[in-house]
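For reference, the structure discussed in these notes is given below.
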Amino acid sequence: MRISRTLPIAAAVAVVGVLSLTAVPAQAAEYSSALKIKGVQYDAPGRDSNKCSGGNTKDEYLTIKNYSKTAKVNLKGYVVKDAAGNKFTFTKNHTLQPGDYIKLRGGRGTDSDAGNVVYRQNCNFIWNNDKDTIYFYKPSGARADVHSYTKRANDRDGNGYITYHG
């Protein structure tokens with residue numbers, strides 16, 4: 001007696017097809033932007049303390065890199081948000097040369113193009129230590145980049161840093 005396995009296989013293929021359409025992670029899309037998120041120190045080393053004096057929010061940072069080989073890009077007007085809607089808007093001119101990067105740090109400090117750093121001037125942590133989504137928007141409102149992470153799945157060595165674009 002021959003047993004037909006065509007129907008169960010076809011059903012399984014249909015389910016996989018539907019799942020692949022609905023379960024695409026946010027970071028699967030590749031956005032057309034010279035600026036992308038290079039990595040995130042989502043969990044500052046040490047015990048979290050969001051005190052403006054003596055806290056460690058400055059040790060939590062997002063690295064944004066200009067991946068263009070030729071174009072300079074000004075960060076003014078770009079926006080960084082998390083899943084809860086906390087956001088930071090670059091309000092000053094910060095021009096990144098091709099291949100250059102900047103670290104967007106928590107806490108208070110003096111922005112420096114030479115030191116590749118911008119401070120959020122806010123002593124609260126923005127990134128969750130267990131999971132979050134990082135949204136990066138162009139001044140036009142279009143997405144430049146987006147990444148979701150979970151500590152368990154994306155931070156294998158447990159150092160609180162995740163690399164996205166090399």
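Keep in mind that what you see is a predicted model, and the values were worked out from it rather than measured.
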(message) The criterion is side chain to side chain donor-acceptor pair (under 3.5 Å); which residues satisfy it with Asp113, sequence neighbours excluded?
(response) His94
(request) Identify, with sequence neighbours excluded, every residue that meets side chain to side chain donor-acceptor pair (under 3.5 Å) alongside Asn129. (result)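 Partners of Asn129 under the side chain to side chain donor-acceptor pair (under 3.5 Å) test: Asp43, Asp48.
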What is the distance from atom [atom1] of [X] to atom [atom2] of [Y], rounded to the nearest 0.5 Å?
X	Y	atom1	atom2	answer
His147	Thr163	NE2	OG1	10.5 Å
Tyr101	Lys38	OH	NZ	8.5 Å
Thr57	Asn50	OG1	CG	7.0 Å
Ile126	Arg105	CD1	CZ	14.5 Å
Gln121	Thr110	CD	OG1	7.5 Å
Asp145	Ile37	CG	CD1	4.5 Å

Would [X] end up clustered with [Y] when hydrophobic side chains under 4.5 Å apart are linked, directly or stepwise?
X	Y	result
Ile162	Ile102	yes
Ile134	Leu96	yes
Val80	Tyr164	yes

What pair of heavy atoms forms the shortest contact from [X] to [Y], and how long is it?
X	Y	result
Gln41	Trp127	O-CD1, 4.4 Å
Arg143	Val146	NH1-CG1, 4.3 Å
Ser148	Thr133	OG-OG1, 2.8 Å
Ala71	Ser68	N-OG, 2.7 Å
Arg156	Arg152	NH1-O, 3.8 Å

Taking the side chain as C-beta and beyond, is there a heavy-atom pair between [X] and [Y] under 4.5 Å?
X	Y	value
Pro139	Lys76	no
Tyr119	Arg108	no
Arg120	Leu104	yes

(message) Can you tell me if Lys138 has over 12 outside heavy atoms packed within less than 6.0 Å of its NZ?
(response) yes
(request) Quick one: list whatever passes ring-ring contact (aromatic ring centres under 6.0 Å, His included) with Tyr137, sequence neighbours left out. (result) none
(request) Check ring-ring contact (aromatic ring centres under 6.0 Å, His included) between Phe90 and all other residues, then give those that pass, not counting sequence neighbours. (result) Phe88
(message) Listing request: all ring pair (Phe, Tyr, Trp, His ring centres under 6.0 Å) pairs with a residue in residues 36-87, at least two apart in sequence or in separate chains.
(response) Tyr42-Tyr149, Tyr67-His165, Tyr78-Phe136
(request) Please collect all side-chain hydrogen bond (donor to acceptor under 3.5 Å, both in side chains) contacts where either partner lies in residues 80-92, sequence neighbours excluded, each pair once. (result)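 side-chain hydrogen bond (donor to acceptor under 3.5 Å, both in side chains) check on residues 80-92 returns Asp82-Asn86.
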(message) Checking side-chain contact (heavy atoms from CB on, under 4.5 Å) between Val73 and each of Asp100, Thr95, Asn66, which is the one that passes?
(response) Asn66
(message) So does Asp130 get a backbone contact from the side chain of Asn128, meaning a donor-acceptor N/O pair under 3.5 Å?
(response)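 Absent.
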